[in-house]
K.L.:
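My structure is below; once you've seen it, I'll send some questions.
Each residue takes its place number in the sequence, starting with 1.
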Amino acid sequence: MATLVSDSILKNDASGPVPVSGGLGTDSYYNHSFFQKIAANGAKDMIDEAIAQKLDVKSLLSSSKTIRLADLGCAVGPNTFDAMQNIIDVIKVKCQTHLPTSPMPEFQVFFNDQPANDFNTLFKSIQPKREYFAAGVPGSFYGRLFPDSSLHVVYSSYALHWLSKVPEGLEDKNSPAWNKGRIHHASAAAEVRRAYAVQWANDLSNFLNARAREIVPGGIIVIVTHSIPDGMEYSELANGMMYNCMASILLDIARRGLISEEQVDAFNLPTYAAPPGEFVSVVENNECFNIVTMGESNPSPWLTDDVHVDMNEFVNHIRAAMEGMFNKHFARDIVNEMFERLEVRLSEISVEMESAYKDKIQAFYVLQRM
């Protein structure tokens, strides 16, 4: 199934996302994030190969005896620990191959997310015996986080499709991008999608500008993110169907007088799945990074004719990642009802949902600092 959520939601902005559900409880993101892990693993071999081929350890270790990595959008685990250890393992093999007589470098890993992220849970669950020094770095990755030329490898999985804020005009009745009756650009007017695309491009540009200062020449950025083939309508995807169901349920609740339609009109999810063409355009305009490798993959290779979606588990995953955003805007009992009804609604359209899971709706990119 197409993963809809992220290993992080990054900016503590009044109009932007809020963190995933913290803690280690049964409803926590920690215990409801294996779909994201499965999706990211779909690109693992190609990413490993790119790092092994392009990361020049001889050059990097000529000026530093420590390799520094950062996971931007780490959330609360456990996926971030697996991803960082995997990259370290790839680098160690390359060091053993190309520098067989040199001592193995030390490794330092920075775990980044917004300040409101549950870093307590993150570090309570980290392995006490590990091959790296660990540190937490709070802040939005759409701005500077580290000193100049201090990082060698940056990783970000299912984070860059979250916007820093809701796009301009979506909640303005006088704007052509007013998104009345919807909570996303799926099935919305072209002006709405354009507003999302502009905000996403601005955010990615800011992300790259910040990393251009922080990453050493020859350093690498690895990005795994929700995507969509160029030219495809978002409403054709299972994600789009789900967002439309959410909006419909909220409008149903409004018709019962428990909330107002204006409250629904004022709520928009700040998430945008950019097609590869838009991503490449922003990178090329930045002029600080080369695209070493890129590709599209299926985030749900396990979904077959014999394996179907468990809608209860699926909604639990969605809730663990998104509930905070809904709670910021609607009363808790409204949010509870929305998610309870969402499971029923998605079960009713499960055939349509499963037929809408598309290949090539996950993208991966490996960028190298020039």
K.L.:
Using a distance-only test with no angle check, is there a side-chain donor-acceptor pair under 3.5 angstrom linking Thr66 and Gln108?
P.N.:
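Gln108 and Thr66 do not have a side-chain donor-acceptor pair below 3.5 Å.
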K.L.:
Just so I know, are the side chains of Phe107 and Met84 near enough to count as touching, which here means a heavy-atom distance under 4.5 Å?
P.N.:
no
K.L.:
Below 30° counts as parallel, above 60° as perpendicular, anything between as tilted: where do the rings of Tyr132 and Phe111 land?
P.N.:
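Because their plane-to-plane angle lies in the 30° to 60° range, the rings of Tyr132 and Phe111 count as tilted.
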K.L.:
Taking it one step at a time, do Gln85 and Glu131 satisfy side chain to side chain donor-acceptor pair (under 3.5 Å)?
P.N.:
CA-CA 8 Å; Gln85 186 59 54; Glu131 297 183 285; 2.6 Å; yes
K.L.:
Just by distance, no angles: are the side chains of Glu340 and Asn336 close enough, under 3.5 Å, to form a donor-acceptor pair?
P.N.:
no
K.L.:
For the aromatic rings, using the six-membered ring if either is Trp, is the centroid distance between Phe267 and His329 under 6.0 Å?
P.N.:
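Between His329 and Phe267, which both carry aromatic rings, the centre distance is below 6.0 Å.
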K.L.:
Side chains of Phe133 and Val109: does their closest heavy-atom pair fall under 4.5 Å?
P.N.:
no
K.L.:
Does Asp48 reach the main-chain N or O of Val90 with its side chain, forming a donor-acceptor pair under 3.5 Å?
P.N.:
no
K.L.:
With no hydrogens and no angle check, do the side chains of Asn179 and Asp265 hold a donor and an acceptor under 3.5 Å apart?
P.N.:
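Their side chains do not contain a donor-acceptor pair, so the 3.5 Å distance test is not met.
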K.L.:
Quick one: which of Asn202, Asn206, Asp203 gives a side-chain hydrogen bond (donor to acceptor under 3.5 Å, both in side chains) with Ser164?
P.N.:
Asp203
K.L.:
Quick one: do the Asn312 and Glu343 side chains pair a donor with an acceptor below 3.5 Å?
P.N.:
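Yes, a side-chain donor-acceptor pair sits under 3.5 Å.
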K.L.:
Taking Leu69 as the fixed residue, which of Val222, Leu151, Ile87 is the one that meets the side-chain contact (heavy atoms from CB on, under 4.5 Å) rule?
P.N.:
Ile87
K.L.:
What is the ring orientation for His185 with Tyr272, classed by angle as parallel under 30°, tilted 30 to 60°, or perpendicular over 60°?
P.N.:
tilted
K.L.:
What residues, two or more places apart in sequence or in another chain, satisfy salt bridge (Lys or Arg N to Asp or Glu O under 4.0 Å) together with Arg193?
P.N.:
Glu278
K.L.:
Among Val192, Leu163, Val166, which residue meets the side-chain contact (heavy atoms from CB on, under 4.5 Å) test with Asn268?
P.N.:
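Going through Val192, Leu163, Val166 one by one, the side-chain contact (heavy atoms from CB on, under 4.5 Å) with Asn268 is satisfied by Val166 alone.
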K.L.:
Would His184 and Tyr234 count as a close aromatic pair, with their ring centres under 6.0 Å?
P.N.:
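Between Tyr234 and His184, which both carry aromatic rings, the centre distance is below 6.0 Å.
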K.L.:
Asp118 vs Thr121, test: side chain to side chain donor-acceptor pair (under 3.5 Å). Steps then yes/no.
P.N.:
CA-CA 6 Å; Asp118 187 358; Thr121 291; 2.6 Å; yes
K.L.:
Applying the ring-ring contact (aromatic ring centres under 6.0 Å, His included) test to Phe141, which of Phe207, Trp162, Phe110 qualifies?
P.N.:
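That would be Phe207.
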K.L.:
Under the criterion ring-ring contact (aromatic ring centres under 6.0 Å, His included), which of Tyr155, Phe279, Phe289 is the partner of Tyr365?
P.N.:
Phe279
K.L.:
For residues Ile249 and Val344: do they belong to one hydrophobic cluster (side chain heavy atoms under 4.5 Å, members Ile, Leu, Val, Met, Phe, Trp, Tyr)?
P.N.:
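Shared cluster, no.
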K.L.:
Distance check, rounded to the nearest 0.5 Å: Thr271 atom OG1 versus His161 atom NE2?
P.N.:
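One gets 4.0 Å once the value is rounded to the nearest 0.5 Å.
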K.L.:
Using a strict 4.0 Å threshold on nitrogen-to-oxygen distance, state whether Arg144 and Glu214 make a salt bridge.
P.N.:
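Looking at Glu214 together with Arg144, the answer is yes, because their closest N to O distance falls below 4.0 Å.
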K.L.:
With sequence neighbours left out, which residue pairs that include part of residues 240-258 fulfil the salt bridge (Lys or Arg N to Asp or Glu O under 4.0 Å) condition?
P.N.:
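Those involving residues 240-258 are Asp252-Arg255, Asp252-Arg341, Asp252-Arg345, Arg256-Glu337.
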K.L.:
Just by distance, do the side chain of His152 and the backbone of Ile220 share a donor-acceptor pair under 3.5 Å?
P.N.:
no
